[in-house]
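See below for the structure under consideration.
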Amino acid sequence: MTQEKHDQALIFELSREGRVGYSLPECDVPVTPSAELIPAEFLRPEAPALPEVYEVDVIRHYTSLSRRNFGVDNGFYPLGSCTMKYNPKVNEDVARYAGLAKIHPYQPEASIQGAMEMLYTLQQDLAGLTGMDAVTLQPAAGAHGEWTGLMMIRAYHENRGERRTKVIVPDSSHGTNPASATVAGFETITIPSTPEGLVDLDALRGAVSSETAALMLTNPNTLGLFEEQIVDIAAIVHEAGGLLYYDGANSNAIMGITRPGDMGFDVVHLNLHKTMSTPHGGGGPGSGPVGVKNKLIPYLPKPMVVRNPDGSYTWDREGEESIGRVKAYYGNFGILVRAYAYMRTYGPEGLRRVSECAVLNANYMMARLAPYYEVPFKKVCKHEFVMSGSSLKQYGIRTLDVAKRLLDFGYHPPTIYFPLNVEECIMIEPTETESKETLDGFIDTMIAIVHEAKENPELLLNAPYTTPVTRLDETTAARKPVLNCACS
Ligand SMILES: *Cc1c(COP(=O)(O)O)cnc(C)c1O
């Protein structure tokens with residue numbers, strides 16, 4: 001029996017008929033549900049087959065499952081574009097303060113002025129950091145922020161009586177960009193990158209028209225390269241009547257150094273769960289605040305916290321042109337508290353230092369790995385860089401095999417096969433929170449894997465060896481997915 005099967009079956013195998021893990025007082029209400037209370041069609045004919053086990057068995061079962069989860073708290077996690085930096089635990093403490101954790105969104109304003117001030121200050125701080133005029137904290141993720149921003153762009157053009165249906169994205173863009181544009185009702189036009197990995201200005205000139213609603217761009221882009229011609233790019237789009245959308249999901253390279261607002265962008269979203277070290281939370285809750293320039297303020301989602309002339313705070317719910325509410329209440333409040341604590345702990349100088357160290361760490365890794373893995377864009381990188389595993393093909397080894405082998409050494413693999421414009425792509429983002437020893441340990445392992453590829457490729461083809469689940473059949477997994485675990 002494989003470890004995985006063993007784990008799934010374990011709790012059921014331990015089951016002994018009649019064994020209970022709890023003791024409750026006698027039930028003093030009818031135990032058989034009556035048809036009056038629950039309609040017959042909703043009653044199951046027999047009790048579900050739950051394992052009958054002791055409490056300790058349940059605890060061991062779940063603890064053992066939790067150990068199989070890889071997180072930044074148990075190892076280095078250089079997943080490019082995802083910024084898996086360490087989340088300082090002091091921010092968790094702050095988010096658990098009773099005055100913040102135990103309030104209700106429908107409480108009277110007068111009783112939550114402190115929380116409202118915190119939200120307001122965070123809005124102002126994020127606007128200052130990005131060079132925008134106003135910020136909404138509602139969106140719950142990066143993609144949600146993109147959609148919110150695009151809906152505002154749509155409302156802006158419609159309000160001016162212009163029919164603009166096309167959103168331009170470079171081929172190196174994050175997959176959520178074209179997806180969000182489509183969900184917001186736009187058609188996407190993909191433009192190729194230059195051989196240097198940057199926006200092709202001629203291609204951009206060819207793509208803009210009176211139908212252009214916006215260009216979506218990440219800068220530094222997903223290859224970790226700074227678009228040095230950003231001012232020209234902005235001019236091309238603006239002259240065509242379009243707006244510029246900055247995908248700031250990952251702003252780890254630019255804090256305190258440059259601002260999307262100064263580069264000419266009209267809208268920006270940030271992922272607090274990347275740049276501001278709030279937890280990624282297994283797919284949620286995240287937070288994707290959106291900042292806009294003045295001309296888009298009327299379209300911001302409502303309600304928004306605003307400051308009255310007397311210094312008190314209130315919910316602004318007015319606004320005919322607002323795109324409406326995009327999230328229940330005011331965003332993922334607990335995540336916003338963590339981000340606020342993080343930004344206040346560092347302060348402006350500290351945030352700049354975060355970016356400087358993130359960029360330094362990435363360049364250090366790139367320089368040490370360049371002799372072993374091909375680096376297609378030979379330039380100083382920002383917070384992340386891409387390299388290629390294509391030189392290992394001669395030994396029958398692909399990037400996927402390198403990633404699988406890394407698992408045996410206790411590392412989370414980098415992002416692979418993304419961006420799509422680099423063959424056998426490996427995308428590494430070390431983040432600023434790792435020590436030189438950790439970076440060196442990972443680099444040495446990557447180099448050791450190259451030697452293994454030359455000397456014993458078979459070893460890599462069958463990796464990993466130390467994980468609960470070994471090599472999966474990815475084709476079958478994609479073609480015939482089994483989406484529920486049949487634990488019976
Ligand atoms: C992570 C990321 C996104 C998407 O953010 P989610 O919170 O996962 O929706 C978008 N763009 C870039 C560049 C990213 O790195």
Side-chain angles (χ1 to χ4, degrees), residues 72 77-85 87 126 130 136-151 167-184 188 190 193 197-199 214-227 244-255 260 263 265 267-291 326-327 331-332 335-336 338-339 355 358 362 381-386 412 414-422 425 427-431:
V72 73
Y77 205 141
L79 193 65
S81 190
C82 291
T83 320
M84 299 303 288
K85 60 165 94 174
N87 305 326
L126 294 174
T130 53
T136 170
L137 301 174
Q138 279 190 27
H144 193 196
E146 290 170 24
W147 177 81
T148 302
L150 288 163
M151 291 305 281
V167 167
I168 304 170
V169 294
D171 60 0
S172 65
S173 78
H174 196 275
T176 51
N177 292 184
S180 303
T182 306
V183 175
T188 57
T190 305
S193 305
L198 300 171
V199 169
L215 166 73
M216 296 181 86
L217 203 62
T218 306
N219 194 21
N221 66 25
T222 330
L223 300 167
L225 305 174
F226 193 79
E227 300 281 356
L244 272 100
Y245 184 99
Y246 186 92
D247 176 349
N250 186 334
S251 298
N252 230 32
I254 63 162
M255 289 189 291
M263 297 178 209
F265 287 90
V267 189
V268 47
H269 87 264
L270 294 169
N271 280 15
L272 300 187
H273 49 288
K274 289 181 184 166
T275 312
M276 300 306 166
S277 97
T278 67
H280 286 46
S287 182
V290 176
V326 301
K327 169 87 176 70
N332 276 327
I335 298 298
L336 300 171
R338 287 168 175 84
S355 287
C381 68
K382 296 297 175 234
H383 58 298
E384 62 193 2
F385 64 98
V386 297
H412 193 289
T415 300
I416 57 171
Y417 300 110
F418 177 81
L420 306 175
N421 51 349
V422 173
C425 190
M427 183 192 194
I428 297 183
E429 181 179 8
T431 82

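Read the numbers this way: they start at 1 and go in the same order the structure lists the ligands and their atoms. Computed from heavy atoms alone, side chains included, the values below leave out hydrogens, waters and symmetry copies. Keep in mind that this is a model prediction, so the values were computed, not measured.
The side-chain heavy atoms of His174 and Asn250, taken from C-beta on, include no pair separated by under 4.5 Å.
Under the 3.5 Å distance criterion, with hydrogens and angles disregarded, no donor-acceptor pair is assigned to the side chains of Thr190 and Asp171. Donor-acceptor pairing under 3.5 Å is lacking for the side chains of Glu429 and Ser81. For the residue pair Ser287 / Asn332, no side-chain donor-acceptor distance below 3.5 Å is found, with atom types taken as modelled.
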When you pair each N or O of ligand 1 with protein N or O atoms, which pairs come out under 3.5 Å?
unit_1: ligand 1; atom_1: 5 (O); unit_2: Asn271; atom_2: ND2; d: 3.0
unit_1: ligand 1; atom_1: 7 (O); unit_2: Gly142; atom_2: N; d: 2.8
unit_1: ligand 1; atom_1: 7 (O); unit_2: Asn271; atom_2: ND2; d: 3.2
unit_1: ligand 1; atom_1: 7 (O); unit_2: His273; atom_2: NE2; d: 2.7
unit_1: ligand 1; atom_1: 9 (O); unit_2: Gly142; atom_2: N; d: 3.3
unit_1: ligand 1; atom_1: 9 (O); unit_2: Ala143; atom_2: N; d: 2.8
unit_1: ligand 1; atom_1: 11 (N); unit_2: Asp247; atom_2: OD1; d: 3.2
unit_1: ligand 1; atom_1: 11 (N); unit_2: Asp247; atom_2: OD2; d: 2.5
unit_1: ligand 1; atom_1: 15 (O); unit_2: Ser81; atom_2: O; d: 2.9
unit_1: ligand 1; atom_1: 15 (O); unit_2: Ser81; atom_2: OG; d: 2.6
unit_1: ligand 1; atom_1: 15 (O); unit_2: Lys274; atom_2: NZ; d: 2.7

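Counting only distance, with no hydrogens or angles, the side chain of Thr278 and the backbone of Ile335 share no donor-acceptor pair below 3.5 Å. Judged purely by atom type and a 3.5 angstrom limit, Gln138 uses its side chain to pair as donor or acceptor with the backbone of Val326.
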